[in-house]
There are 2 protein chains.
Amino acid sequence: MTLTDVAASAGVSPQTVSRVLRTPELVSVDTLERVQSAIGALGYVPNLAASNLASNRSMTVAAIVPSISASVFADALHGLEVMLSPSGYQLFIGTTGYSPEHEEELVRAFLGRRPDGMFIVGAQHTDAASTLLRASGIPVVEAWDSSENPVDSLIGFSNEDAVRALVEYVRDRGYAHPTFAGSFQSGDFRAAARRASFEASVAELYPGESVRVVDSGVAAVDLETGRDLLDATLREHPETDALMFASDVFAAGAVLECARRGVSVPGELAVTGFGDFELSSHLTPTLTTVAVPNREIGTKAGELLLARMSRGGADAPEGETVDLGFEVVARESA
Amino acid sequence: MTLTDVAASAGVSPQTVSRVLRTPELVSVDTLERVQSAIGALGYVPNLAASNLASNRSMTVAAIVPSISASVFADALHGLEVMLSPSGYQLFIGTTGYSPEHEEELVRAFLGRRPDGMFIVGAQHTDAASTLLRASGIPVVEAWDSSENPVDSLIGFSNEDAVRALVEYVRDRGYAHPTFAGSFQSGDFRAAARRASFEASVAELYPGESVRVVDSGVAAVDLETGRDLLDATLREHPETDALMFASDVFAAGAVLECARRGVSVPGELAVTGFGDFELSSHLTPTLTTVAVPNREIGTKAGELLLARMSRGGADAPEGETVDLGFEVVARESA
DNA sequence: TTGTAAGCGTTATCAG
DNA sequence: CTGATAACGCTTACAA
């Protein structure tokens with residue numbers, strides 16, 4: 001079923017059918033109706049691959065995230081989709097599993113689809129991936145990271161500053177022995193940045209205090225791992241009075257486990273998270289954490305991409321760097 | 001940068017470059033090397049739209065889900081992607097927001113990309129959508145539902161049977177006044193099926209008992225709504241001794257709120273959920289619920305699609321209906 | 001307002 | 001093992 005079939009059936013030229021689809025206002029009312037009913041009768045669905053090839057626009061945006069099932073990325077993707085779909089853009093999604101090599105493969109594969117724009121988590125890529133991205137000439141939004149040398153646009157917040165602010169908060173509340181806990185697998189540069197910031201902040205704000213980090217390695221980001229991290233901390237660093245997690249998920253797992261064991265929070269042990277997930281405000285005690293703008297990252301990325309994709313290449317605005325900030329959320333757990 | 005440019009640079013025909021990409025084993029070693037280095041030097045990325053048009057294969061699978069950020073669907077999508085990507089298939093994802101009309105639009109738009117397969121949540125669609133799906137001729141997997149008239153393949157479990165099993169469980173534990181609570185927005189046919197099954201099961205298993213359902217309407221599926229549903233139940237149906245939620249999310253919200261208020265679970269009020277989310281086993285008390293195979297739905301769908309997509313149309317296996325079952329998970333809350 | 005011609009970048013097919 | 005040629009289904013550019 002092709003344009004040509006529809007044209008034959010409606011007694012017009014293929015071009016007229018194409019006009020009915022793209023620019024109906026340029027077609028006379030009765031041909032319009034005739035063609036539309038032919039389309040309906042034949043069940044014609046335009047082949048977008050052909051359209052793409054001929055017009056050099058795919059009406060497609062590629063999104064590359066570490067994982068779909070991590071709610072932070074799911075939220076951003078949702079924001080992105082809500083922003084793009086009214087304008088007719090469709091979303092290609094791929095996951096890297098935090099592997100830079102896999103990311104590079106994905107970039108290559110996705111670029112082959114000739115997307116009109118690209119959304120990618122993180123600002124650190126393999127050299128080849130960065131080169132490909134730059135060479136592609138399409139608007140690219142990197143997210144969730146800060147960088148002094150973005151490919152194009154960059155939307156995020158400073159993981160470093162956020163952790164630093166949390167360490168300050170903990171110090172101001174009088175806790176003397178903070179410990180940081182999380183899973184720091186090699187490709188997760190955001191987690192690594194948080195950890196590095198914790199180490200630097202403690203060195204500066206807690207002079208003389210030793211720097212304690214508990215690392216679960218490649219363990220999944222789930223409640224179970226939070227419980228394990230709590231165990232490890234209690235075992236390895238019993239002097240800890242404030243346990244700071246790299247994610248709310250871990251913190252929630254720890255808080256739930258403390259409740260079960262009768263460990264009082266924050267009395268015996270203060271706990272902080274990172275991310276302000278929905279669960280965090282429903283725990284007992286509620287969780288002190290830092291809120292980051294997941295959903296807004298997606299919507300803002302959508303806005304930026306839309307602006308760049310709609311104009312011609314020439315007058316397109318420059319790549320922007322947008323810092324959406326973060327907010328320390330003081331609650332009961334610390 | 002096109003195939004032809006690479007061919008010119010390597011001193012071979014375009015067709016040979018194509019062979020290097022698709023069937024390198026048919027090319028002599030030294031041309032292979034020459035072409036590959038030309039590809040690298042020029043930074044050539046094949047245009048898949050052109051490939052799609054010429055070969056009539058897109059190496060693409062379209063997935064249509066109500067929402068990405070609902071973890072059940074995110075899990076399934078993850079399973080699907082993990083299954084498909086080793087074979088080189090890429091995933092197109094669209095969300096319907098539980099609107100059948102939006103679903104139909106998406107089906108139409110996605111079919112325009114000529115995917116090699118399609119994954120769609122639910123087995124109830126608009127007539128037009130069903131017709132389009134059937135006419136497309138590609139393998140289609142409907143999921144999460146049961147139906148006597150699937151478009152093609154169907155993977156899921158019976159929401160009806162699962163709720164029925166849970167009602168039986170509750171009755172067997174001696175609870176006398178069960179109430180069902182959830183959000184039943186119009187396009188969510190799975191939620192509607194659960195509700196209907198609750199009503200039928202109570203009518204049968206609790207003769208003489210009135211059928212109580214609390215409906216939050218279009219409220220978001222989140223912990224907050226769970227708390228609201230708990231409130232409404234306590235207010236409207238104080239005789240309730242077992243509160244059965246349409247989702248673990250609601251149940252978790254209610255259990256957390258009960259802890260905060262000092263309502264004893266299951267002493268004063270038993271609670272059940274639906275879905276067996278990770279959180280459910282970490283609550284105090286742990287949540288009695290029914291486990292459904294989210295991730296497996298995705299992987300099984302991937303398997304089925306792969307099998308159908310690899311063979312030629314002729315000897316492709318028939319559409320299958322796979323019932324992955326469910327399991328009542330008895331824990332502390334009921 | 002409509003039609004004609006050419007071409008988008010790749011692969012299928014058949015020859016060599 | 002390699003190359004020439006003709007599609008694939010659509011849009012752009014121009015002509016009528």
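Here is how names work: the chains are called A, B, and so on, in the same order as the sequence lines, proteins then strands, and each is numbered from 1.
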Shorter than 3.5 Å, N or O on both sides, protein versus nucleotides 11-13 of chain D: list them out with atom names.
unit_1	atom_1	unit_2	atom_2	d
D/dT11	OP1	A/Arg22	NE	2.4
D/dT11	OP1	A/Arg22	NH2	3.0
D/dT11	OP2	A/Ser18	OG	2.5
D/dT12	O4	A/Gln15	NE2	2.5

Length of the CG-C1' vector between B/Leu53 and C/dT11, whole Å: 10 Å
Calculate, to the nearest 0.5 Å, the distance between atoms NZ and CG belonging to A/Lys300 and A/Leu80 respectively. 13.5 Å
Between atom CE in A/Met1 and atom P in D/dC10, what is the gap in whole Å? 11 Å
Sequence neighbours excluded, the answer for salt bridge (charged side-chain N to carboxylate O under 4.0 Å, His left out) partners of A/Glu105 is none
Earlier contact from the 5' end, DNA chain D, for A/Val45 and B/Glu25: B/Glu25
Which sits closer to the 5' end of DNA chain D, B/Leu32 or B/Arg114, going by the nucleotide each is nearest to? B/Leu32
Find the distance B/Leu26:CG to C/dA15:P and express it as a whole number of Å. 19 Å
Distance check, rounded to the nearest 0.5 Å: A/Leu48 atom CG versus A/Met59 atom CE? 9.0 Å
What is the distance from CG of B/Leu48 to P of C/dT10, rounded to the nearest Å? 9 Å
Atom pair CD1/OG of B/Ile68 and A/Ser69 - distance to nearest 0.5 Å: 12.0 Å
Separation between CZ (B/Phe92) and OG1 (A/Thr60), nearest 0.5 Å, reads 4.0 Å
A/Thr2 side chain near D/dG9 phosphate (N/O to OP1/OP2, under 4.0 Å): no
Side-chain N,O (B/Thr31) to OP1/OP2 (D/dT2) below 4.0 Å: yes
Rounded to whole Å, please give me the gap between CG in B/Leu42 and P in C/dG9. 15 Å
For A/Ser28 and C/dT2, is the shortest distance between a side-chain N/O and OP1 or OP2 below 4.0 Å? yes
Using the ring of each side chain (for Trp, its six-membered ring), is A/Phe73 parallel, tilted or perpendicular to A/Trp144, with breaks at 30° and 60°? perpendicular
Whole-Å distance separating the CG atom of A/Asp30 from the C1' atom of C/dT2: 12 Å
Tell me whether A/Asp116 is salt-bridged to A/Arg308, with the criterion being a basic N under 4.0 Å from an acidic carboxylate O. no
Euclidean distance, atom CG of residue B/Asn47 to atom P of C/dG7 [Å, nearest integer]: 18 Å
